[in-house]
Amino acid sequence: MDYYLSLISFGPHGWGRPFLEGAFVTLSLAVATLPFGLTLGLAIALMQRSHRRFARGFATVYTTVFRGAPELLTLYIIYFGLSLGVQSALKSLGFSTQFDMPPFLAGMIALGLVLAAFSSEVWVGALNAIPRGQREAAAALGLHRAQAFRLIVFPQIMRIALPGLGNNWMVLLKETSLVSVITLPDIMFYAMRANVVTKEPFLMFGVASLIYLAFSIISAVGFGVLEARSNRGHAMHGAAR
Amino acid sequence: MTWCEAPGYWLGHEVLQNYGCRIASGLLVTIELVALSTTLGCAIALCIALIRLKGPAWARGAMAAYTTFFRGTPLLCQLFLIYYGLGSFRPFWQSVDLWWFFREPFYCALLAFTINTAAYQAEIFRGAIASLPRGQIEAAKALGLSRFQLLRLVVMPQALIVALRPLGNELITTIKVSAIASLVTLFDLMGATKLAFARSFDLSIYLYAAAIYLALVEIIRRVLALIEAHLTRHSATDNPHARAL
């Protein structure tokens with residue numbers, strides 16, 4: 001028992017510190033991806049509801065592709081595609097340096113594109129819940145469209161979209177584990193390395209899954225609090241559940 | 001030339017032609033994995049859902065812990081926990097004659113996907129069953145239906161309609177996440193594609209794999225839409241929201 005505890009301790013031979021660093025990288029990737037993915041998702045949602053056929057068509061194709069393709073495949077295509085693309089661009093400019101795509105950036109782009117596709121559905125649902133009359137009232141008050149969106153629509157859809165976005169966040173948090181296969185040093189990466197060194201796979205992957213589980217539970221509690229806060233003054237039926 | 005080399009030949013894509021047969025057999029592995037794990041997971045999920053709704057307190061707690069754990073951790077982590085973790089107890093598995101199971105990456109992936117999808121499906125069933133009006137169950141009991149009859153004749157036919165759409169989404173998610181089976185040396189669609197890429201460095205092979213996954217997902221989406229339309233034909237109304245009840 002002492003042996004196993006020393007393996008996951010913060011001591012000189014323990015894997016506590018690497019796991020902590022990995023946890024920090026996992027969280028950083030998820031937090032860095034979130035604003036990018038959600039903003040792009042909102043843009044896709046607005047295109048989905050646009051009057052222009054081209055914008056609607058683009059939004060439909062985008063969500064179909066990024067919701068249907070496996071995240072691992074998307075990650076590989078972004079990682080190798082950007083690596084090879086930048087490499088050949090550099091070559092055509094006369095540079096012969098080796099270019100390695102940073103795994104963090106590749107993960108952020110790939111997971112952000114996928115998050116955008118899934119969150120756009122949530123945004124569309126929330127946008128549909130805003131009565132048309134509000135927009136007309138805003139126009140009658142002389143607000144122009146950007147102002148109406150920023151001052152009237154957005155604060156309301158944030159509240160409606162929050163549970164769905166919470167789900168998106170939980171999925172994102174778990175999906176970051178995939179980026180370990182392109183050598184991002186996250187929790188999974190250190191668990192795999194610890195497995196190779198200590199030959200204790202059950203312990204190491206067990207610890208890794210408990211860290212993820214802790215993140216998930218903390219997130220669930222956090223979103224519960226946020227939802228309760230944002231539903232203040234709306235305690236009709238939704239909040240009672 | 002065999003049939004699986006034909007698409008690459010028609011498209012004039014040498015890598016796709018050379019690896020066409022491997023990719024086709026990889027697709028078959030993916031379909032097998034998903035079909036088996038979804039079906040087995042569905043049966044387990046139904047039991048879990050019923051226990052969580054009707055079981056004794058300790059069993060309810062255990063099932064809640066099960067669903068929380070498997071929905072709260074990455075599938076990749078669960079797969080490694082089974083393939084490397086449980087696989088490391090070789091002497092034990094040999095002594096109980098189960099080593100043949102944990103030795104094979106296919107069975108490990110199947111086990112991981114099954115228990116994972118069971119956790120998600122259990123939550124879907126639980127929500128669907130809980131959404132039925134209480135009065136119906138009381139009425140069925142008043143009519144003298146046994147608990148099994150109640151389940152078979154009253155609860156399930158209605159709960160399945162509510163559950164159909166989320167179950168379809170879960171099936172699609174399982175197809176997508178099954179790609180990580182390639183990380184435990186399994187040559188599924190993703191694994192075969194990775195091999196083709198590693199040997200040819202031709203990125204477009206990944207795009208063809210993505211197209212196959214998209215086609216698979218799209219076919220399932222269409223079929224499920226047809227099934228849903230068929231199952232809800234009795235409640236066809238102008239109001240799409242009325243169908244849910």
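Side chains included, hydrogens not; waters and symmetry mates left out as well; all remaining heavy atoms used. Throughout, a chain's letter reflects where its sequence line sits, starting with A, and its residues are numbered from 1.
- Using a 3.5 Å distance cut-off with no hydrogens or angles, the side chains of B/T117 and B/E170 do pair a donor with an acceptor.
- Heavy atoms closer than 4.5 Å to chain B are found in the side chain of A/M192, but not in its backbone.
- Using the six-membered ring where Trp is involved, B/F197 and B/Y206 have ring planes that are tilted, between 30° and 60° apart.
- Heavy-atom distances place no part of A/V171 under 4.5 Å from chain B, backbone and side chain included.
- No hydrogens or angles considered: a donor-acceptor pair under 3.5 Å links the side chains of A/W169 and A/S219.
- A/Y76 and A/F80 have parallel rings, their planes meeting at less than 30° on a 0 to 90° scale where 60° marks the start of perpendicular.
- Between the side chain of B/S37 and the main chain of B/F113, no donor-acceptor pair closer than 3.5 Å is present.
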> Which is it for A/T64 and B/E218 under the side chain to side chain donor-acceptor pair (under 3.5 Å) test, yes or no, and what are the steps along the way?
Replying inline: CA-CA 9 Å; A/T64 309; B/E218 209 48 40; 5.3 Å; no

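- Contacts of B/L86 with chain A are made by both backbone and side-chain atoms, with heavy-atom separations under 4.5 Å.
- Separation of atoms OG1 (B/T67) and CD1 (B/I115) is listed at 12.5 Å; rounding is to 0.5 Å.
- Taking 4.5 Å as the heavy-atom cut-off, the residues of residues 172-180 of chain A that approach chain B are A/K174, A/S177, A/L178, A/S180, ordered by number.
- In this structure, the portions of B/L81 lying under 4.5 Å from any heavy atom of chain A include both its backbone and its side chain.
- Heavy atoms closer than 4.5 Å to chain B are found in the side chain of A/M188, but not in its backbone.
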